[in-house]
Amino acid sequence: MMIKREILRLTILPVVIVLSVCYALNVAAQSNVNTNNFLIWGSGGYSRISNDAPATNAVGNAGGAVGAGFEMHFVNNMLLQTGLELSCLTSRMNRKDTLLIVPMLDTENNLYDGHFAFQNTHDMQQILNVGIPLMIGYESPNGLYFAAGGKAMLNLGGQSRATTTVTSTAYYENLIGYNNTGILSNMINHGLFTETRSVNSSLRLHAIFSGSVEAGYTFGRNAEEYSIKNKPKIRLSMICDYGFAPVAGIDKPTSLFANTSTTGGFTPAVNGYLLNNISSNRLNILYVGLKVTVLFGVKKYGCNCAKD
């Protein structure tokens with residue numbers, strides 16, 4: 001039921017805003033020949049999902065989006081656009097080296113401390129979203145274009161893959177061990193060795209809200225000739241989306257580690273840690289890239305105003 005309410009809210013609210021703005025602008029409009037545009041677009045670039053956990057560092061990865069919509073032009077070269085966009089964002093998050101110490105028993109029931117050193121730990125996340133953009137902008141007669149607004153996105157799902165290099169050693173209080181430290185290592189038959197381990201997990205975020213800016217150039221003839229001949233135009237622009245996704249307390253994992261053993265032993269690895277040890281109750285999401293838009297013009301109207 002919660003997901004259905006989010007879908008309805010994300011769908012109905014932008015439509016109401018668009019209709020209200022369109023009505024107000026149409027009442028005031030008194031231009032000659034102008035156009036509305038059907039749009040299709042694709043974009044690609046850099047994306048990053050970050051949290052405020054002190055042991056992590058988000059370095060980001062690649063992202064991309066495709067969409068379709070409608071652009072309405074009004075007086076003074078102002079425009080309003082909306083539509084539907086599908087985006088896939090990926091991000092890499094590195095984590096500081098970690099040591100886990102666990103009291104354990106060996107096969108002869110002797111107590112020892114299992115030392116598990118986690119190094120080169122990183123988590124790759126991927127999320128799939130569907131969103132509704134709402135942008136207000138300006139396009140000059142010579143093609144310069146700028147727009148700003150926001151997006152409401154519903155996260156359809158995602159996945160996480162956390163990978164780490166684990167070195168397992170054993171500490172016995174009454175043994176001399178390696179270099180007089182009491183530590184035993186490099187004993188494969190006792191599970192004391194180094195290997196790389198990965199944990200795959202599903203990922204689901206709450207609705208994402210972001211502010212958006214876009215600037216670029218529309219290639220084609222001037223608005224009047226384009227409107228009459230209805231030829232498609234190409235717009236090339238830079239885009240930047242920055243927003244947040246709320247995180248509920250119930251979504252925060254209580255343990256950083258997972259036991260990957262299938263034989264009843266203890267073989268620890270690092271879980272996906274995007275939501276681990278965060279305090280701000282939100283994730284920040286950045287997407288910067290290059291966008292190519294194809295505009296299919298539709299002749300809008302001529303002014304029927306009474307002349308003096």
Self-check item: Minimum-distance pair of heavy atoms, taken over all atoms of N259 and T267
Solution: OD1-N, 2.8 Å
Self-check item: Nearest atoms (heavy-atom pairs only) where N37 meets G297
Solution: OD1-CA, 3.4 Å
Practice problem: Taking all heavy atoms of N200 and all of R161, pick out the closest pair and write down the distance. | Solution: OD1-NH1, 2.9 Å
Practice problem: Verify, without hydrogens or angle tests, whether S280 (side chain) and I278 (backbone) share a donor-acceptor contact under 3.5 angstrom. | Solution: no
Self-check item: side-chain contact (heavy atoms from CB on, under 4.5 Å) evaluation trace for N129 with K151
Solution: CA-CA 11 Å; N129 313 299; K151 295 179 182 178; over 6 Å; no
Exercise. Mind telling me whether F266 and F116 have parallel, tilted or perpendicular rings, with 30° and 60° as the class edges?
Key: perpendicular
Quiz item: Taking atom CG of L128 and atom CG of N155, what is their separation to the nearest 0.5 Å?
Solution: 7.5 Å
Quiz item: Counting N and O atoms only, with roles assigned by atom type, does the side chain of N61 sit under 3.5 Å from a partner on the main chain of R92, one being a donor and the other an acceptor?
Solution: no
Quiz item: So if you build clusters from Ile, Leu, Val, Met, Phe, Trp, Tyr with side-chain heavy-atom gaps below 4.5 Å, do M78 and F146 land together?
Solution: no
Quiz item: Are the side chain of S202 and the backbone N or O of Q159 linked by a donor-acceptor pair below 3.5 Å?
Solution: no
Quiz item: Just wondering, do L84 and V130 contact through their side chains at under 4.5 Å, heavy atoms?
Solution: yes
Self-check item: Transitive ILVMFWY side-chain link V247 to I285, under 4.5 Å
Solution: yes
Exercise. Applying ring-ring contact (aromatic ring centres under 6.0 Å, His included), run through F70 and F38 and close with a yes or a no.
Key: CA-CA 5 Å; F70 192 70; F38 290 108; 5.0 Å; yes
Quiz prompt | Over 12 non-hydrogen atoms of neighbours within 6.0 angstrom of CG in L99 | solution = yes
Quiz item: Mind checking whether N51 and N277 have side chains closer than 4.5 Å, heavy atoms only?
Solution: no
Quiz item: Is the backbone of N142 close enough, under 3.5 Å, to the side chain of Y217 for a donor and an acceptor to pair up by distance?
Solution: yes
Quiz item: Shortest non-hydrogen contact from G272 to S160?
Solution: CA-OG, 3.7 Å
Quiz item: Could you state the interatomic distance from CG (N94) to CG (N57), rounded to the nearest 0.5 Å?
Solution: 6.0 Å
Quiz prompt | Residues forming a side-chain contact (heavy atoms from CB on, under 4.5 Å) with S91, sequence neighbours excluded | solution = R48, I49, Q125
Quiz item: Do S279 and D52 get their side chains close enough for a donor-acceptor pair, meaning under 3.5 Å?
Solution: yes
Quiz prompt | Between OG1 on residue T82 and CD1 on residue I136, distance to nearest 0.5 Å | solution = 11.0 Å
Self-check item: Pairing of K291 and E85 as salt bridge, 4.0 angstrom limit
Solution: no
Quiz item: When rounded to the nearest 0.5 angstrom, what is the spacing between CE in M153 and CZ in F209?
Solution: 9.5 Å
Practice problem: Applying side-chain contact (heavy atoms from CB on, under 4.5 Å), name anything that partners M135, two or more places apart in sequence or on another chain. | Solution: Q81, A147, S212, E214
Quiz item: What's the shortest heavy-atom distance between P232 and V294, and which atoms?
Solution: CB-CG1, 4.3 Å
Quiz prompt | Rounded distance [0.5 Å steps], CZ in F118 versus OG1 in T167 | solution = 9.5 Å
Quiz item: So, do P253 and L275 sit near enough that their side-chain heavy atoms are less than 4.5 Å apart?
Solution: yes
Quiz item: Cation over ring, R235 on Y145, under 6.0 Å and within 45°?
Solution: yes
Exercise. Identify whether L79 and V292 are in the same connected component of the hydrophobic contact network (ILVMFWY, side-chain heavy atoms under 4.5 Å).
Key: no
Exercise. Side-chain contact test, heavy atoms from C-beta onward, threshold under 4.5 Å: evaluate it for F257 versus T98 and give yes or no.
Key: yes
Quiz item: Is it the case that one hydrophobic cluster holds both V59 and Y242, taking links as side-chain heavy atoms less than 4.5 Å apart, direct or via other members?
Solution: no
Exercise. Using the side-chain contact (heavy atoms from CB on, under 4.5 Å) rule, take T165 and T194 through it: C-alpha gap first, then chi angles, then the decisive distance, then the call.
Key: CA-CA 7 Å; T165 300; T194 298; 3.6 Å; yes
Exercise. Output, in order, the C-alpha distance, side-chain angles, deciding distance and verdict of side-chain contact (heavy atoms from CB on, under 4.5 Å) for Y287 and S210.
Key: CA-CA 10 Å; Y287 177 51; S210 70; over 6 Å; no
Exercise. Keeping the roles fixed (side chain from T164, backbone from V166), state whether a donor-acceptor pair exists under 3.5 Å.
Key: no
Exercise. For residues L86 and L156, determine if any side-chain heavy atom of one lies less than 4.5 Å from a side-chain heavy atom of the other.
Key: yes
Self-check item: Heavy-atom side-chain contact between L100 and P268 under 4.5 Å
Solution: yes
Self-check item: Between NZ on residue K233 and CG on residue L295, distance to nearest 0.5 Å
Solution: 6.5 Å
Quiz item: For R197, does the CZ atom have more than 12 heavy-atom neighbours from other residues, nucleotides or ligands under 6.0 Å away?
Solution: yes
Exercise. Identify the two heavy atoms, one from S47 and one from T90, that lie closest to each other, and give their separation to 0.1 Å.
Key: OG-O, 2.6 Å
Exercise. Could you verify whether a donor N or O on one side chain and an acceptor N or O on the other, from K252 and N281, lie under 3.5 Å apart?
Key: yes
Practice problem: Kindly indicate whether the side chain of S140, heavy atoms from C-beta on, has any atom under 4.5 Å from the side chain of N77. | Solution: no
Quiz item: Same cluster or not: are Y46 and L290 linked, directly or through other Ile, Leu, Val, Met, Phe, Trp or Tyr residues, by side-chain heavy atoms under 4.5 angstrom apart?
Solution: no
Practice problem: List the steps, then state whether side-chain contact (heavy atoms from CB on, under 4.5 Å) holds for L144 with Y138. | Solution: CA-CA 8 Å; L144 292 177; Y138 171 85; over 6 Å; no
Practice problem: For residues T293 and T218, determine if any side-chain heavy atom of one lies less than 4.5 Å from a side-chain heavy atom of the other. | Solution: no
Exercise. Could you tell me whether the side chains of T121 and Y273 share a donor-acceptor contact shorter than 3.5 Å?
Key: no
